[in-house]
Amino acid sequence: MSTSLRRHGSDSNRAPFRRVVVTGGCGFVGSHLCDLLLDSGVEVVCVDNFLTGTKDNVVHRQLDDRFELMVHDVTDPIPIPGEVDLVLHLASPASPQDYLRLPVQTLQAGSLGTFSALELAREKKARFVLASTSEVYGDPLEHPQRESYWGNVNPVGPRSVYDEAKRFAEAATTAYRTEHGVDTAIVRIFNTFGPRMRAEDGRAVPNFIRQALAGEPLTVTGDGSQTRSMCYVGDTVRGILAVAAGSHPGPVNLGNPAETTVLELAHLVRELTGSAAPVEFVDRPVDDPERRRPDIALAWEQFGWKPETDPRKGLSTTIDWFTAQLNGTAARER
Ligand code: NAD
Ligand code: UDP
């Protein structure tokens with residue numbers, strides 16, 4: 001087993017993970033986590049109801065006897081026989097387009113789903129990691145965002161179904177730690193991109209790539225001056241497992257501090273795809289955050305984690321994957 005998955009921190013003598021539950025494991029980030037765990041020799045139980053994910057993301061693992069797929073809605077209790085060392089809770093719609101069309105299911109995934117996953121961790125005496133989000137900072141008034149910032153969230157705006165569900169999930173995770181002694185951690189993931197994003201999921205990276213490859217206008221919202229900090233998925237999942245392997249409760253920011261405007265991102269995708277497609281300015285979504293950049297000092301100090309993939313290189317890899325998908329020549333493995 002990889003030493004990167006050995007537990008450290010104050011519990012350095014504890015055994016490495018043997019069997020891990022990944023809720024939302026058929027999604028974009030979750031499926032990469034399943035791969036990294038399986039590649040490290042760990043058994044994985046992937047729990048997913050295909051709300052926004054697909055079996056295609058894990059189909060290359062179906063013959064691996066260390067991999068188990070449980071088709072299940074995590075808003076119901078999660079019955080898993082046998083030992084479990086770690087529960088990674090990712091099940092939730094994540095793209096704005098998804099959570100805006102699934103508002104109640106998003107709130108339920110963050111509330112009922114988080115309780116189910118926490119109960120599972122409590123029953124199994126497992127470590128628990130919540131995949132939270134930079135969206136808990138809302139439209140941040142502090143920049144860059146540190147974990148100590150409480151955020152600026154509109155509780156009744158359209159994005160609140162996601163933001164408040166994750167804020168509730170953080171509170172529930174904290175309560176299980178204090179009341180029930182569950183070994184919990186919270187990671188706040190900033191914008192992540194890479195292979196296996198759905199071409200139609202509405203997020204900026206897949207939209208721009210799909211549009212550029214099709215020769216269609218790249219739809220930039222507002223004047224494109226709002227910023228995001230884009231992290232390659234390989235770095236994000238490495239960070240999640242680094243936090244899981246430690247004993248720190250978090251919250252811990254995971255993201256790439258390389259900040260870019262959305263217009264710059266669109267032009268970079270045009271350049272890397274060699275597309276002559278124009279940029280088209282369209283309406284900005286309500287409450288779309290103005291800027292976002294993680295302060296990752298805590299992740300570095302506690303876990304020695306920082307992103308290693310240059311966003312430009314990560315984008316090229318992602319473009320290659322989308323191109324292969326569109327040509328029907330994709331190997332689903334990566
Ligand atoms: P995704 O939509 O690709 O994956 C989510 C997965 O959860 C899907 O496979 C979906 O079917 C599953 N799911 C949703 N509700 C479920 C339920 N009730 N029961 C069982 N399964 C359910 O999204 P993603 O981008 O991979 O995000 C994964 C997690 O990471 C989410 O919790 C998200 O909030 C968090 N996150 C992602 C990003 C990012 O940039 N991708 C940023 C911040 C946080
Ligand atoms: N965006 C855009 N064009 C698109 C999709 C998104 O300009 O086709 C913008 C969006 O308004 C936001 C930024 O890109 O300002 C990032 O959006 P995304 O949905 O990827 O992530 P999030 O809003 O969750 O940060």
Side-chain angles (χ1 to χ4, degrees), residues 24 27 29 51-52 75 89-115 117-118 129-178 184-193 201-204 221-222 225-231 236 240 243 249-257 259 261-262 283-299:
V29 178
L51 183 63
T52 56
T75 61
H89 179 43
L90 284 87
S92 167
S95 101
Q97 183 175 285
D98 286 340
Y99 60 71
L100 294 176
R101 82 185 157 84
L102 299 166
V104 174
Q105 277 157 295
T106 302
L107 282 159
Q108 288 173 335
S111 53
L112 301 173
T114 302
F115 277 134
L118 281 163
V129 179
L130 171 71
S132 186
T133 168
S134 55
E135 284 280 330
V136 301
Y137 300 124
D139 193 3
L141 304 177
E142 182 178 302
H143 192 75
Q145 293 80 54
R146 279 177 302 182
E147 290 86 352
S148 54
Y149 179 50
W150 289 358
N152 177 37
V153 172
N154 175 356
V156 292
R159 298 174 86 97
S160 65
V161 297
Y162 183 63
D163 302 6
E164 297 291 16
K166 289 290 183 180
R167 288 167 69 96
F168 179 90
E170 290 200 9
T173 300
T174 306
Y176 265 65
R177 184 177 184 85
T178 51
T184 63
I186 296 166
V187 291
R188 291 183 179 152
I189 303 169
F190 283 64
N191 294 65
T192 293
F193 70 96
D201 91 357
R203 290 184 266 201
T221 65
S225 63
Q226 69 274 25
T227 69
R228 293 294 185 273
S229 301
M230 295 286 176
C231 189
T236 300
I240 294 171
V243 174
V252 182
N253 286 341
L254 295 176
N256 192 326
E259 186 179 359
T261 69
V262 169
D283 286 346
R284 187 100 178 267
V286 175
D287 292 343
D288 192 35
E290 194 55 39
R291 53 195 189 154
R292 211 183 262 157
R293 171 154 57 104
D295 180 321
I296 57 167
L298 182 64

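The figures that follow rest on heavy atoms only: side chains count, while hydrogens, waters and symmetry mates do not. Since the structure is predicted, the reported quantities are computational estimates derived from the model, not experimental observations. Residues take their numbers from the sequence shown, with the count starting at 1.
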Checklist entry - Would a distance-only check, ignoring hydrogens and angles, find a side-chain to backbone donor-acceptor pair under 3.5 Å from Thr178 to Tyr176? => result no
Next on the checklist: Between Glu135 and Arg159, does any side-chain N to carboxylate O distance fall below 4.0 Å?
Outcome noted: yes
Next on the checklist: Whether the Gln108 and Thr75 side chains hold a donor-acceptor pair (N or O, under 3.5 Å, no angle test) is what I'd like checked.
Outcome noted: no
Item to check | Minimum side-chain heavy-atom gap Pro285-Thr221 below 4.5 Å | outcome: yes
Next on the checklist: Quick one: does any side-chain atom of Asn152 pair with a main-chain N or O of Gly138 as donor and acceptor, under 3.5 Å?
Outcome noted: no
Item to check | Geometric class of the Phe168/Phe115 ring pair [parallel <30°, tilted 30-60°, perpendicular >60°] | outcome: perpendicular
Next on the checklist: Please evaluate residues Thr52 and Leu102 with respect to the criterion side chain to side chain contact (heavy atoms under 4.5 Å, CB included), reporting the C-alpha separation (whole Å), side-chain torsions for both, the decisive distance (0.1 Å), and the verdict.
Outcome noted: CA-CA 10 Å; Thr52 56; Leu102 299 166; 4.0 Å; yes
Item to check | Arg188 backbone acceptor or donor facing Thr133 side chain under 3.5 Å | outcome: no
Checklist entry - Is there a donor-acceptor contact under 3.5 Å linking the side chains of Glu142 and Ser148? => result no
Checklist entry - Salt bridge or not for Arg167 and Glu170, using N-O below 4.0 Å? => result no
Checklist entry - Excluding sequence neighbours, so at least two apart, what forms side-chain contact (heavy atoms from CB on, under 4.5 Å) with Ser95? => result Gln97, Asp98, Asp201, Arg203
Checklist entry - Is there a donor-acceptor pair under 3.5 Å between the side chain of Glu147 and the backbone N or O of Asn253? => result yes
Checklist entry - Can you find a side-chain donor-acceptor pair between His143 and Glu290 that sits under 3.5 Å? => result no
Next on the checklist: Under the criterion side chain to side chain contact (heavy atoms under 4.5 Å, CB included), I'd like the reasoning laid out for Leu118 against Thr173: C-alpha separation, chi angles, the key distance, then a yes or no.
Outcome noted: CA-CA 7 Å; Leu118 281 163; Thr173 300; 4.2 Å; yes
Item to check | Side-chain donor or acceptor of Arg146 paired with backbone N/O of Asp295 under 3.5 Å | outcome: no
Next on the checklist: Over 60° means perpendicular and under 30° means parallel, so tell me whether Tyr162 and Tyr99 are parallel, tilted or perpendicular.
Outcome noted: parallel
Next on the checklist: Please check: side-chain N/O of Gln145 versus main-chain N/O of Arg293, any donor-acceptor pairing under 3.5 Å?
Outcome noted: yes
Next on the checklist: What verdict does the side chain to side chain contact (heavy atoms under 4.5 Å, CB included) test give for Arg292 and Tyr137, after you've listed the backbone C-alpha separation in whole Å, the side-chain angles of each residue and the deciding distance to 0.1 Å?
Outcome noted: CA-CA 9 Å; Arg292 211 183 262 157; Tyr137 300 124; over 6 Å; no
Checklist entry - Would you call Ser134 and Pro294 a side-chain contact if the rule is heavy atoms closer than 4.5 Å? => result no
Next on the checklist: I'd like to know whether CZ of Arg101 has more than 12 heavy-atom contacts from other residues, nucleotides or ligands below 6.0 angstrom.
Outcome noted: yes
Checklist entry - Side chains of Asn154 and Val286: closer than 4.5 Å at any heavy-atom pair? => result no
Item to check | Criterion side chain to side chain contact (heavy atoms under 4.5 Å, CB included) on Phe190 and Thr236, from CA distance to verdict | outcome: CA-CA 9 Å; Phe190 283 64; Thr236 300; over 6 Å; no
Item to check | OG1-CD distance between Thr227 and Glu259, expressed to the nearest 0.5 angstrom | outcome: 3.5 Å
